[in-house]
Structure formats: C-alpha cells, structure tokens
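In what follows, chains are A, B, ... by sequence order, proteins preceding strands, each numbered from 1.
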Amino acid sequence: MAKKILSQEENSVLKSMFLRSHTVFINFNMVKMEANCFTITMAPAIESIYGDDIEEKKEAYLRHQNFFNTHAVALSFIAGLAYAMEKEKKETGAVDGQTIESIKAALMGPTAGMFDSLFFNCLRVIAAGIGIGLCADGNFLGTIIFILLYGVSQSVFKYILINLGYVYGTSFIDMVFETGLMTSLTKSASVLGLIMVGAMTAQMVNVPLNWTLTVGQTSVVVNDIINQIFPGLLGVVLLFTLVSLIKKGKRPTQLIFGILAIAILGALIGIF
Amino acid sequence: MAKKILSQEENSVLKSMFLRSHTVFINFNMVKMEANCFTITMAPAIESIYGDDIEEKKEAYLRHQNFFNTHAVALSFIAGLAYAMEKEKKETGAVDGQTIESIKAALMGPTAGMFDSLFFNCLRVIAAGIGIGLCADGNFLGTIIFILLYGVSQSVFKYILINLGYVYGTSFIDMVFETGLMTSLTKSASVLGLIMVGAMTAQMVNVPLNWTLTVGQTSVVVNDIINQIFPGLLGVVLLFTLVSLIKKGKRPTQLIFGILAIAILGALIGIF
Amino acid sequence: MAKKILSQEENSVLKSMFLRSHTVFINFNMVKMEANCFTITMAPAIESIYGDDIEEKKEAYLRHQNFFNTHAVALSFIAGLAYAMEKEKKETGAVDGQTIESIKAALMGPTAGMFDSLFFNCLRVIAAGIGIGLCADGNFLGTIIFILLYGVSQSVFKYILINLGYVYGTSFIDMVFETGLMTSLTKSASVLGLIMVGAMTAQMVNVPLNWTLTVGQTSVVVNDIINQIFPGLLGVVLLFTLVSLIKKGKRPTQLIFGILAIAILGALIGIF
Amino acid sequence: MVTIALKAAFVYYVVYWLDTFILSWQCLTRPIVIAPLAGLVMGDFHTGIVMGAALESIFMGISAIGGAIPADATTSSVIAVAYTILTGASIEEGLAIAMPIGTAMSSFGGLLTPLWASLAPFWEKLAVEANPKKFLIVNILVSFFTMPFVNAIVLFFAVAYGVEGLNSLLASLPVWVMTGLGAASGMMLAVGFAILTSMIWSGDVAIFFFVGYVLVKYAGLGTVPIAIIGAAIAISLFMSDKKLSDLKTSLTNTQVNVNDDEEDFF
Amino acid sequence: MVTIALKAAFVYYVVYWLDTFILSWQCLTRPIVIAPLAGLVMGDFHTGIVMGAALESIFMGISAIGGAIPADATTSSVIAVAYTILTGASIEEGLAIAMPIGTAMSSFGGLLTPLWASLAPFWEKLAVEANPKKFLIVNILVSFFTMPFVNAIVLFFAVAYGVEGLNSLLASLPVWVMTGLGAASGMMLAVGFAILTSMIWSGDVAIFFFVGYVLVKYAGLGTVPIAIIGAAIAISLFMSDKKLSDLKTSLTNTQVNVNDDEEDFF
Amino acid sequence: MVTIALKAAFVYYVVYWLDTFILSWQCLTRPIVIAPLAGLVMGDFHTGIVMGAALESIFMGISAIGGAIPADATTSSVIAVAYTILTGASIEEGLAIAMPIGTAMSSFGGLLTPLWASLAPFWEKLAVEANPKKFLIVNILVSFFTMPFVNAIVLFFAVAYGVEGLNSLLASLPVWVMTGLGAASGMMLAVGFAILTSMIWSGDVAIFFFVGYVLVKYAGLGTVPIAIIGAAIAISLFMSDKKLSDLKTSLTNTQVNVNDDEEDFF
Ligand SMILES: OC[C@H]1O[C@H](O)[C@@H](O)[C@@H](O)[C@@H]1O
Ligand SMILES: OC[C@H]1O[C@H](O)[C@@H](O)[C@@H](O)[C@@H]1O
Ligand SMILES: OC[C@H]1O[C@H](O)[C@@H](O)[C@@H](O)[C@@H]1O
C-alpha cells in the first residue's frame, strides 16, 4: 500500500471538505445526529466524483444523510475514507454503497469513545486548566490560549486526519480490488457493521415504558417483565418494526411523526 | 420457504401431538426431566412416519427419551419441529439423528428462559391478580377467570406453536436439502448443541463435595482447591466419566444407581 | 495416534532434559523469566536433533531463550512437546519456528494457573500440614515427609509429564503432517499464540505512569486519561514500540537498558 | 377428623393428577384453583374461595422454574383449608401454617427425587420397545402412584395427626441419608447431559462444549446470550461450508463444460 | 435591563452560531470564551474574564458526550455574567445561580429535541435533490432559527424578567407533554439505526446484529472491545473467502493449463 | 555473634543454591526445611525444628505465584532461628521478628530485580553461541553470585548488626531510585513479549492479539477461559483450511481422472 501522490483536484476537494467538516453540529438532531454535517462535508467529493450523473449523486447524498455520530475530529477521518470509497465505487465499481455504509457504521462507536476521551476529556481539560489560571487574574490571554490549544489544534487534527483517511482508504481499496474480493469485503464489512449497529442499538435506543399493570390486588411493572424475557426487547422490536416499515416504503417523516404521536399519546394515557 | 399446505394425516398427527403435549410433567424426574412427555408427544409422529420399520422406530423412541427440559409451551414448538425433522430423515434421508439431537439441545435453554418469563412470570401473575380480586370477595368467578386466562390460553399457544414448528421446520429442511448441505447442517447444529450442553452443564450439574481435609494443623476445603483449578471441574469430570461409560455400553440404569450409591456412601463417610 | 515406542536416544535425551528441567529458577529475571532453564532443558534435544548444523542450532537456542513462564512441573510437559516439535521441524520440515513459538506462548498462561493451584496451593499445603504436626513436637520426620510429599512428588510428575509431552506431541504432529496441513497449523497456532500473548500483555505489562499534570487550578491524572482512551494503552504502545525496534534490528540489551534509563529518569523527574 | 383428612387427600390427589393431563402445567394445582375445590369438598366453599385468594397471593412470588420448587403451594393450600374448616380457626390462623407446611412438604418431596430419577432407565427401556400405547398406559398407571399419591398419603396423615407428626417423620431419618439424596440429584442430571453429549460429540468440534461452559462459569452469561453467540458461530460455519460447496459445484460444472466443449470440438 | 438582556441574547446568539462554523465544536461556547465576550459587550470586560475562569471550573467536569448534555454551560454563563453586571451582585452570587439556570435551560432544550428530530425527513429530502449549494444554504438559514435562536429568546426573557419566569413557563406545560417528548427522543434514535440496518442487513449475517446486542446487554462490554472482537470476526471471514478465491484461481489456471497442454498435444 | 551470623549466611546460601538444582522449586527453601537445618548448623536442632513448624504456618499463606513474592520466607526463617539461638530469646520473640524482616528482605530483593533483568541480553547472546556446555556452566557460575549470594551477605549483616542496619540501608537510597527500579520491572516484561510477538506476528491475524487483550481488560476473563475460546477459534480455522485442502485434493484427482479418461478415449 504505497503512499499515493494526490492530484490537484483531489487536494482541492479535500481542502473544501476539511472546511465544511467543521459544521459537525449544524442542525444536529436525535434521529440523524451529525448527518447534515456529513452530507455537507461529502458534497465536494460527490460533486467531483459523480459530475453529471444525477442518479448516482442522489444515491450518494442519501447515503451520507444516514444517521451519523462520532467525535468532531474523527468525523474528518471517516469523511476522508468515504471520499476514497466513493471514488473507487465510481471508477472501478469495486466498492458498493452497502460496503460504504457498513464501514461508516463500524467506525462510529469506537472512534467516538477514543476521540471523546482524547480531545474532550483530555486536551480540553488541559487547555482549560491553563486558561483558567490566567483568566482568574483577569487576563484575557487565558481565553486566547484556550482557543489556540483546544479549538485550533482540533482543526489541525481534522486537517491531518481527513487526508490520512483518504490516502489510507484508497490504497486499502486498491489492494482489495486487485484480488477481486469485493463481495467478500462487503460481506465482512456488513458483519462488522451489524455488530456495531447491534451494540449501539443496545446502548442508545430506549423505549421508556413506565407502565404498572394493576389488576385486582397485584401490580406488575410491565417493563420489568419484558426485560426479563430479553433485556431491551421493546427497543429491538421498535427497531425491526421500523426496518420492516422502511422496506415497505414508508418515509422517515412518517416514522418520526408516528413515534412522536405514540410517545405523547402514551404519556397522556400514562404508559410512558 | 413457502408455506406448506398440510395433508390430512399431518393434521391429525399434529392434533394428537398437541393433546399429548399437555403431559409435560408426567413422571418428571431429575435425570430425563420432561423426556416422557416428549416421547408420548412424538409417538403419533413416529408411528405415522416409520410405520412398520421397527428398528427405526426404536431408534426414534430412544432419541426422544433423552433428557429434555423447557417450558410447557415451548415444548410444543420443539415437538413440531422434531416431527418435521423425523419426516425428512425418513423420506429423504436429509436429516440424521444427531442433527435432531443437536437442534433439540440447542433450543432448550433459551426457550426455557423466554417462555418461563413470558408465561409463568407474566401471564400467570396477571391472571392471578385478576382472579384474586374476585375470590377475595368470595366469588368463584375469580378461579374460572384464572383458568381461562392462564391455563386455556397456554393450551391455545401450544396448539399454534406445534403447527408453526412443523411448518417452519419442514421448509427450512427442504431448503437445506436442495443445496446438498446436510452434513454441514449437522456439524453446525452439533456445534450449537455442544455449546448449549456445555452451558447447561455449567449451570445445572453440581457435585456438592463438602470435604475438608484436615492434616496436622491445617485444613483444606478440597472443593475450593478443585474449583480453583477449573470451576466446576468435578461436574465436568463426572460428565465425561459418564460419557465414556455410555460409550462402553453401560446402561443408564447402572449409571443412576451408581451415582445414588456413591452419593449416599459419600454422605455416610462425610464427603458430601 | 498410536503410542510411539521411543528409541534409546530419545529416552536418554528425555532423561537428561528431565534432570535439567529442575533448574526452573536459574538466573530467573523479569525479562525472560524461566528462559534460561528452558534453554538448558532443551539443550540435549537441540544437540541430538541438529547435530552439526550450527545455523539451525543457533536459531533453536535463540527460540528457546524467549520469555517463558509457567509452573515448574508444567515446564517439563511443554519442554517435552517442544522436543517433539523441533524433531519434526528438522526431519520433515512440517513444523516451523513460528509454530513452536506460538504453541509455547499459548500454553504458558493456562498451565501456570492450573499447576500453581494444583501443586503450590494444594499439594504444598497438605504436605506442610502433615509436616508441621510432627515438627511442632520437635520431630525432624516432619521435614523429611514434607520433602517427600512435595519435592519428590513434583519431581516424579516432571518425569511423567516430559515423556507425555514428547509422545503426545509427536503423534499429533504426525497426524497433521500426513494430511499436509502444516501451514494451516502454523497459522492456527499463531492465532492462539497471539491471543494468549495479548492476554498476558494485558495482565502483566504495566507502565506505572504516576504523573499528575497541574496547570493553573486544575490537575489531571494523565494515566487515568490514557486508560480512558484504551485501558493499558501505554503498555500496548510500549510493546509495539519494542516490536518495531526489534524488527529494525535493535538488540534486547539496548531495549532493556533503554527501559531502565527511562524508568529511572522518569522517576527522577517525577512521572513514575 | 379422619373423614376430613380423607377428603383433603382425595381432592388433592384428583386435582394434581388431572393437572398432568389437561390444560397446562401448574394451572389446576395453583392455590386459587385447588383451595376453593378443597373447600367445596370439605363443605365450606366460601372459606375455600377466600383462602384461595390469600394463598395465591402468598405463593405467587415463589417460582418453580428450572425444576426446583422452594415450597409446595398445592399441598399447603389443601392443608391450610382443611385445618381452618376442621378446627374452626380463623382464616388468618389457617394461613399462618401454610408456608411452614409448604416448606416441609417440598423438602419431603426432595427426598423422593432420587427415587423418581431411578426410574429413568425403566422408561428408556419401555420407550425402546416401540410400543407407544403401552408406553402411554404405563406412564398413566405409574403416574397414579408417584408424587400426587405419596403426597396425598402424607397429606392425609398431616391433617389427621398433625404437623408435628410430619416433622418428626423427617427428623427420624439419619441426616446422611437426606444429604446423600440431595447430593445425588445434582449429579444425576449429568446422566441426561452425558447421553446427549455422547450423541452429538465429535473430536473436531468438542472444544465448543467448553466454550459454552466457560461462557457460563467465567463470563457469567446465561443461556440466551450464549445461544445467540452460538448461533452466530454455527451459521458462520454453515455459510463457509456453503461457499465451499458452491465452489465445488461451479468447478465441477466447468469441468463438464470443458469436456463438452472438447467433444464439440471433435 | 432590557438593553442588557438584548446584549446578552445577542452575544450568545452570535457566538453559539459561529461555533457551528469555525474552529471546532464546543470551543467558542465554553464559559472561558463566552463569559469574557459577554462581559465585553455588556461593558464589564474584567468581570467577564474572572467569571469565565470560575464558570469554566464549574462546568469543566460536566461532559456532553454521546448527545446528552446535563446542564447548559453556555446560556448559564451568559446569564450569570449578565446578572452580576446588572444587579451589581458579587461574583459569588452570580456564580450561585449559574448551575440551576443551566439545568433548567438544558431541560428546556430537551423539550425541543423532538422538534429538531422531526426535521430529519426534511433534510433527507433536501439532500436527495443533489443540489449541494442549496443544501448548504438552507442548512445555514435554518441554523439561524434553531437552538441558538430559541435559546437566545429564552435567555432574553430570563435576563429581562427573571429566573422565575423561566421556571413557571416550564411548569405551565402539562407533565405528560414533557414526558412524551422525553420518551420520543430515545425512540427516535431507532429511526436512524433502522435505516442503517435496512441497508446492511442480509439474512445470513443477521445474527451478528444480536451478537453486538448481547455483548452490550449481557456481557456489559463497550463499543471499543466489541469493535475489536467484531474486526477479528470480519477479518477471519474475509481471509477465509480469500483462501477460497485463491483456490479457485489456482484451479481455474490449472484447468486452462490442462487444456493448453491438450491443445499442444494435438 | 559473627560466627553465628556466618553460619546463618552459610546455611542459607547452600540450601537456596541447591534448591535451584535438585528436587523442585521452593522445596528446600521452605521454612519447614531450612529452619531445622539452620538450627542444626547453629547448634540447636530442636529449636530449629520447632520454629520451622511455626514459621511454615506463618508463611504458608503467602504465595509466590507469577513472579512476585510479598515476603521472603527463607531469609526471615534463618534470621528468626539465629536470633532466638543467639539472644536466648523465647521462640515467640524469635517468631515476632520474622515477618517484618521477611518484608524488608523481599523489598530489598525487589531493588535488585532490574539488575538481574539487565543480564537478559547477555544470556541471549550466550545461548546463540550454541555451546550448551558453556551456557550451563556460566549459568551455574553466575548463580553463585546472584540472589542467594546477595541475600546471604545481607543476612550476615542483619544477624551481626541488627535489623535496624538493614532498614537504614534501604532508607539511605534516594526514593526515586527505588521507584524507578520498580517501574522498570513492569516495563521490562514487555521486552520478552515483544520478542515473542515479533516472531508470531503476521498482518492478517494481528487482530487476535487485541482479542486476547480486550478479553482480559474489558471482559475480565483469565487465561484459562481465554485459552479455551482461543482454541475454539484456532481449531475452527484449522478445520476450515482442512476442508479446503480436501476439496483441492478431490478436485485435482477428478481432473487427473478426466484426463485419464480422455487418454483412454483416444
Ligand atoms: O460521542 C460522540 C459524540 O456524540 C455527540 O455527537 C456529541 O455529544 C459529541 O460531543 C460527541 O463527541
Ligand atoms: O425452566 C424450564 C422448566 O423447567 C422445569 O421443567 C420446570 O420448572 C418448568 O416449570 C420450567 O418451565
Ligand atoms: O505462575 C507461574 C509461575 O510464575 C513464576 O515463575 C513463579 O512465581 C512460579 O512460582 C509460578 O509457578
């Protein structure tokens, strides 16, 4: 996997992506989290790769509108990698959309954990520590040092990592393509992706049923019973209900408002 | 895996199996647990499938006399599945006895956990709650409602699940057979079966050695030492001793009385 | 895997190895632990197998100078096995050095656990219990009985196990060789070896960073932050730094004195 | 007294025995069903119903999962009702004796566990005869004389001669007999697993027995997660074999085609 | 009062909004940055700086990882500074109100969570238009009116009419609305995962979803060890496929050679 | 005093050194063996035997597994016996000093750990010379001057000039030297593992290093369950390769047959 020399176009795409990757929290929401930023970040790459092919572009944009969540700096790395994969997809057909999805899904959880502690819990605390010392004496330099140490250095890391993701990604994919094992890579990536989605579902999806069934003289906490069958069963059921609705062509809008309606209704009748 | 339309004979076998599957606890014992019920339940299937082939029938009866334990309702599902597998075994030779064993072994533990909490811990408590309210006022309707909600509905589920097990099982096995992968299925089923038998051995087999070796001024709790080497080692040793005795042709009778004798003798000399 | 009848040379090699295997703790150190004893124990085997082939001998001696640690009695078993593998390596080329390494690495941890509790925590305590009773009355027989029960019986087990390891190892390797799957065995052994080295690294390697970064009014325990990223990260980083230095041709001497220098310097400036 | 005791034993026996054959397990034998029926037979239906409600509440939480039953709800319900009707005691007094009796009865039941276990080989022999009608009938006949029968007798004496009798009966056995029987039951389970193991055992997958074992003993997992992990392993192995067989098929076909081509060629 | 409130809302709004576009996340919005700026705008730079140091210390430990924020450091910093400057209270008094306000603001922010979530389909639709310029612009425009906007308004009223106003506003909503909204947010996450799942799902590897699931729920592992175990599985599957494909290649080549030889032969 | 001290050092030295070569590890060096021998040499066999019993009881529970030794049973046994014989103190008094001395001696031993570790490269060089006789002899010669030798000297001074001497010796070292040496020992272990790793490392299976790692650090498993799980993985990989090689063999044979047939055909 030799280091690739980047063309001028690639360089300018990466630079634009780097700038855009700062919008991590633009219109952040609980459904897609950082998806908007990811779409915005990928736009230069998608435009450069797919040019006029409007159908493929639509697909690509849809792909990068999916749920995404990780630390701001890690996002740049994954975006660089996604650029490499999209390029491979177009040029050689070696990668397909599902592989890209799976790899993104697999990388979110672990990078979030690592980068959160590296930057948010470590670098930030150190930078704040230094800044606080100065500010407590009324010295505005404390603020400036904080911004330099924390904000600017995160930016620098974003820059380095978006390039790293692209370069590393390309050569990895080239290697796989040469050996003609793309389907296997897709399948393996799906396995890893599914494991991670399963893990994240277990950690994050939560159906907060708060329903005590009182019949006669006994009362049953329904959620306890359900969790005894399989912990978090309701979340799993919810997820697969949604999956089957999506496969039946339901739009996310409908799902979201459905959930909202059920939640508020449920709260009204007292089961949440 | 299309839904199969059942023949009249199949229907009547399933109905008879359903009725017989109620005897879950008939002559229940710690060695085979629900094996007698399973044999009784399988009898119509075995008779219908193997007809006059007395040797195969004997084998089949022996197979379904093995240790079996799960919740009463889950038993019906597994019996339906076993019917499908026995049929396949006879008609196409696609399934063999070991596969049937492995699949049964693999399904016991998890179904017990799920159905116990579903029916025994949940439905029963709800039914009792309603019944108690009425009975407390001296109203016998409480008892009747309890029987309907708990007993009758369990019966209904048994009926549904025995059919489901048969239909689902047949089409699954057909699919495997067409692709000529029966040996692989057997091996995979054995792997799952062995994992579950290992897990159940760890959970249930217990050699309650209670022997403190006092020599000179020190005393050693022998069981603690043994469990330090490998937790539950004695249980594993016991199991594999039994396995090797079985392979040497020893009859279960001998094993059971042997264990009984050792246990009582051990208790007499104070090591249990 | 039929039992092999050992030739006279094999017998005399095994006997000499048995005697030498008593030196478990000769020049024991934290870097290689029992490596010296292992080298000494393997010497008769290596000499008998490789005869005049000085290059192969050097390789073999280097191989058995690697980190080694397990219980004294288990060491004999592994040495017997290693003899069998070295022989196979020379005679049929079926085994390579990496396989031998992997299998040794895989066996250390589990055998240490089992034999420590069997001999050190159990047999020793029993022997001491009996001995103490007699010695307390001023009877020197207590000491003699202790030596017989503990020391001599460990020697006897060493003798039995070194032979067992050789015979069992030979027949296992023969089987694999007949099926022509040696590369697969090597790879599988590497997998197991790596899992165990990873596990032992996690358990034993420890970079005791004790560095509290105090900036302004806040202080950060650096090690806590690092372990939040990945528990024991420093140990892993240290290990792979060393691996890459070894691959670059650095000698162990340099590594060890480097570590010593860093540790003392670190302690001086207060980060350990 | 003896009449009431007889009636109590009778209603217990019939209901428990029936429970083995109709509806589903542990339905008719629950206090809320059997206590009213006992009351009916002994002549005080109302007391039976009301006590059934209370007894069900008491025994509701005592679960009987996995084969171990900490207290016998059925016998103690019948005894409690009989005691109340017999002595004219208050319902509360009747309830008070239910739990200690239940515990005694269940430890007495535990005593007999090895006895039923020792029948296992008999059943196996019978099954192998491949005579399902006989197997069913003998099962039914034997079921007349097992647990419900023994319990009914004990119950009769308990009601007729008091709870002390029961306790002293248990106490008269040497301790080591009870200990030995208790030890036997945990070990007898191994027979069933051993038969199972010997059927599905094969050298190359044997290690998986221990995988299941250590996931319970060291990682502390239960059967549900182990089944899922095990299924993933089994499916992966199956899929890998499937790929191999697909490859084989495709290569064999190619070869045939090669030959076909050659034949065409000539 | 209203002027200060306006200024406070303004500085909050501008800084929070900027934070979305430059440097990196949660830098400008940290108390140590925003408090001095708020002080500057409201005419007491020194107080702003000193309070920034103290507020940063208070909020440093409150982490905002994984999408949940227990207390809103940014709004409360601005309010605390405004309050101190406005009322001439001591810095200590100003700090005292920071945390309760932060908690109130963050629970108010939580209220709106489902609102932003409900925009998700809108964004998706917009993205699929494949008009990146439009997507970016609309995002920027909408970002004018989301979190920072709403918070700025609340902040304005909080400063202008006091903290009681804020509390009573929250209290005026029926409890079930807040409960429902809270419940919705945990469930809405499932939509994103469902889309993801439906894209990478396939029957033969489906079980691995549950492997990941049980490793979290039963074995209590986090995403890092699960990713490592998952990677080992994925790599093993990949390598096994690679071996298969190597074999295929080698066999096909052999066959070709066989044919070649034969052709030579003729 | 000095004579007794010399005798004590001598008996300690001989027995400890012998323990490296005969019987098996930690047999002759146990209190129950060495204390009687020390007593014998110092002229009071009976005291030695009786103290041996007591010292063995004291040190029995202190295990020395995995390379770490919390208290040195051997030196303290000899010192305790010498002290008792020397001062005519009661056995109880003799025993009282055993444990503090043992701890001091073992922390002194810890000090030297890096010294022995620094010999590792020397041993490796020597081993590679492929001269086993020389390797053995140098090992034996060096073993004269390592642990037992150093300990014997310390022991001599401890008996001759009291325990305080030992303590003040330890106290005279700067703290950072001891800390640094302590830190080094945990890190030096990595050298052995690194050599091992570099020998069995290969890119496609590298991830399994981390599987073992996380099973310890996150799942909290020990080496036994990990070895079982690892064995299952290794066996599965091996079996899958075996199937592949079987397939290859069978296909190659078929091909040969095909060719054979064709040859027959012509
Ligand atoms: O945990 C990953 C990521 O989750 C959310 O997006 C936010 O809480 C970020 O601060 C965090 O970095
Ligand atoms: O746990 C499965 C199963 O085990 C035993 O057979 C009984 O305790 C049943 O009640 C239970 O359903
Ligand atoms: O734990 C294995 C092994 O480790 C070290 O080598 C020593 O502590 C031995 O006593 C022990 O048997």
Side-chain angles (χ1 to χ4, degrees), chain A residues 24-26 29-32 39 43 57-58 61-62 65-67 72 101-102 105 109-110 113 116 128 131-132 135-136 138 143 146 150-151 154-155 184 188 190-195 197-199 201-202 204-206 208 231 238-239 242-243 246 252-253 255-256 259-260 263-264 267-268 272, chain E residues 20 23-25 27 32-33 36 46 49-50 52-53 56 60 65 113-114 116-118 120-121 123-124 127-128 130 132 136 139 143 176 179-180 183-200 205 208-209 211-213 216-217 223-224 226-227 230 234 237-238 241:
Chain A
V24 184
F25 276 76
I26 201 163
N29 62 62
M30 292 307 278
V31 178
K32 304 281 192 90
T39 311
K57 269 162 73 171
K58 282 187 174 177
Y61 279 114
L62 184 61
Q65 247 296 301
N66 265 348
F67 175 89
E101 273 311 316
S102 301
D116 276 348
I132 287 168
C135 285
T143 302
F146 174 80
Y150 182 50
Q154 281 200 119
S155 269
S184 301
S188 303
S190 294
V191 166
L192 182 49
L194 276 174
I195 291 176
V197 173
T201 300
M204 298 166 82
V205 174
N206 176 27
L238 172 64
L239 181 84
L242 292 175
V243 168
I246 288 166
T253 338
L255 303 180
I256 286 167
I259 287 174
L260 200 57
I264 293 184
L268 183 59
F272 282 126
Chain E
T20 312
L23 292 173
S24 65
W25 168 69
C27 178
I32 198 174
V33 180
H46 183 79
I49 295 172
V50 177
E56 186 66 44
M60 185 146 51
I65 284 171
T113 303
W116 314 131
S118 69
W123 294 120
E124 190 171 311
V128 177
L136 181 58
N139 255 289
S143 79
W176 57 267
T179 313
S185 61
M187 292 196 272
M188 280 182 179
L189 270 174
V191 176
F193 289 126
I195 299 172
L196 221 57
T197 304
S198 65
M199 291 199 71
I200 60 180
V205 294
F208 287 104
F209 174 90
V211 170
Y213 191 90
V216 168
K217 287 278 186 191
T223 43
V224 174
I226 293 175
L237 293 178
F238 182 74
D241 279 9

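The main-chain N or O of E:Ile32 is found under 3.5 Å from a side-chain atom of A:Thr143 such that the two form a donor-acceptor pair.
In terms of heavy atoms, A:Gln65 sits closest to E:Ala127 at CG-CB, 3.2 Å. Among all heavy-atom pairs drawn from A:Phe146 and E:Cys27, the shortest one is CE2-O, 3.7 Å. Looking at every heavy atom in both residues, E:Ser198 comes nearest to A:Val243 through CB-CG1, 4.0 Å. The nearest pair of heavy atoms linking A:Lys32 to E:Glu124 is NZ-OE1, 2.7 Å. Closest non-hydrogen pair, E:Thr179 versus A:Phe272, comes out as CG2-O, 3.7 Å. Closest approach of A:Lys58 and E:Ala130 over heavy atoms only: CG-CB, 4.0 Å.
Counting heavy-atom pairs closer than 4.5 Å to chain A, the top residue among E:Ile200, E:Val205, E:Val191 is E:Ile200. Chain E forms more heavy-atom pairs under 4.5 Å with one residue of A:Ala199, A:Ala267, A:Gly131 than with any other, namely A:Ala199. Chain E forms the most heavy-atom pairs under 4.5 Å with one residue out of A:Ala43, A:Ala72, A:Ser102, and that residue is A:Ser102. Ranked by heavy-atom pairs under 4.5 Å with chain A, the list E:Val128, E:Val50, E:Val211 is led by E:Val128. Counting heavy-atom pairs closer than 4.5 Å to chain E, the top residue among A:Leu62, A:Leu255, A:Val24 is A:Leu62. Counting heavy-atom pairs closer than 4.5 Å to chain A, the top residue among E:Thr197, E:Ile226, E:Leu237, E:Thr223 is E:Thr223. Of the residues considered (A:Gly193, A:Ser155, A:Pro110), A:Pro110 shows the highest number of contacts with chain E, using heavy-atom pairs under 4.5 Å. If you tally non-hydrogen atom pairs under 4.5 Å between each of A:Leu238, A:Ile259, A:Ile26 and chain E, the highest count goes to A:Ile26.
Only the side chain of A:Pro208 comes within contact range of chain E, with heavy atoms under 4.5 Å apart.
Residues forming a ring pair (Phe, Tyr, Trp, His ring centres under 6.0 Å) with E:Phe209 (at least two apart in sequence, or on another chain): A:Phe240.
Between A:Asn29 and E:Trp123 the shortest side-chain heavy-atom distance falls below 4.5 Å. Between A:Ser190 and E:Phe208, every side-chain heavy-atom pair lies at or beyond the 4.5 Å cut-off. A 4.5 Å side-chain heavy-atom check between E:Ile195 and A:Phe67 finds every atom pair outside the cut-off.
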